[in-house]
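To start, the structure itself, in structure tokens.
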Amino acid sequence: MGKLTLYGIDGSPPVRSVLLTLRALNLDFDYKIVNLMEKEHLKPEFLKINPLHTVPALDDNGFYLADSHAINSYLVSKYGRNDSLYPKDLKKRAIVDQRLHYDSSVVTSTGRAITFPLFWENKTEIPQARIDALEGVYKSLNLFLENGNYLAGDNLTIADFHVIAGLTGFFVFLPVDATKYPELAAWIKRIKELPYYEEANGSRAAQIIEFIKSKKFTIV
Ligand SMILES: N[C@@H](CCC(=O)N[C@@H](CS)C(=O)NCC(=O)O)C(=O)O
């Protein structure tokens with residue numbers, strides 16, 4: 001096997017989703033930090049790897065790939081001992097893909113609408129409507145989970161990694177009410193019990209969570 005390098009930073013949810021996949025697959029890799037606050041992603045060296053200047057980016061022996069969803073499905077397809085994290089069966093895969101697109105489109109944009117003004121525009125008032133949209137995400141995820149223990153059914157897949165990595169920072173804005181969303185609350189507990197969860201996601205999200213709290217935001 002050639003050399004794998006992941007470019008990223010712990011605060012980034014899509015980066016943590018790739019870290020979860022790399023750990024689940026038990027792969028060796030180098031982790032190169034690209035500090036977004038220091039604008040390292042805009043430096044020419046990184047633009048050669050990913051002209052869109054986003055993290056995560058993967059270098060698999062000279063093959064460069066951006067976007068966590070593309071990276072995770074590639075890693076499982078190329079290096080997985082089996083296909084359980086991203087099934088080859090067309091219908092099973094289609095369900096995983098649906099969850100991945102839901103993550104890319106809805107989960108990500110809902111979260112970004114809350115965090116972007118806080119992180120980059122120094123706005124500390126979050127409109128209630130944005131928190132309501134986040135609650136809408138919890139509701140949809142709870143619906144997905146009525147079909148099985150994991151987001152795409154009975155088995156753990158990369159869809160679970162993307163969504164848990166995204167949600168980890170959102171709990172600060174809106175904790176999951178287990179009486180309203182029991183399946184979602186149980187799923188979070190289940191994912192946290194994965195042996196590699198804390199190392200790949202939990203501990204790595206701690207700093208960004210503290211950063212969010214330090215902003216002393218209010219919901220208006
Ligand atoms: N859809 C992409 C999103 C990647 C993304 O937007 N990453 C953010 C950090 S969470 C980033 O690198 N932003 C810097 C920029 O857009 O210049 C993925 O899943 O990898």
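All ligand and atom numbering here is 1-based and tracks the order in the structure. The structure displayed is predicted, hence computed values, not measured ones.
Judged by distance alone, with hydrogens and angles left aside, the side-chain atoms of D60 form no donor-acceptor pair with the main-chain N or O of L4 at under 3.5 Å.
Here the heavy atom of the protein found nearest to atom 10 (S) of ligand 1 is S12 OG, 3.2 Å. Scanning all protein heavy atoms for the shortest distance to atom 19 (O) of ligand 1 gives S68 OG, 2.6 Å. Closest protein heavy atom to atom 17 (O) of ligand 1: H53 ND1, 2.8 Å. Looking from atom 7 (N) of ligand 1 to the surrounding protein, the closest heavy atom is V55 O, 2.9 Å. Ranking protein heavy atoms by distance to atom 16 (O) of ligand 1, first place goes to T54 CG2, 3.6 Å.
Aromatic ring pairs are classed by plane angle as parallel below 30°, tilted from 30° to 60° and perpendicular above 60°; the pair F119 and F211 is perpendicular.
Within the structure, ligand 1 has R112 among the residues with a heavy atom less than 4.0 angstrom away.
With respect to E45 and K43, no salt bridge is recorded, no charged nitrogen being found less than 4.0 Å from a carboxylate O.
Heavy atoms of P14 found under 4.0 angstrom from ligand 1 belong exclusively to the side chain. Counting heavy atoms closer than 4.0 Å to ligand 1, residue I71 contributes nothing at all.
Note: no N/O pair closer than 3.5 Å links P56 and ligand 1 by distance alone. By the 3.5 Å distance cut-off applied to N or O atoms, D67 is counted among the residues near ligand 1.
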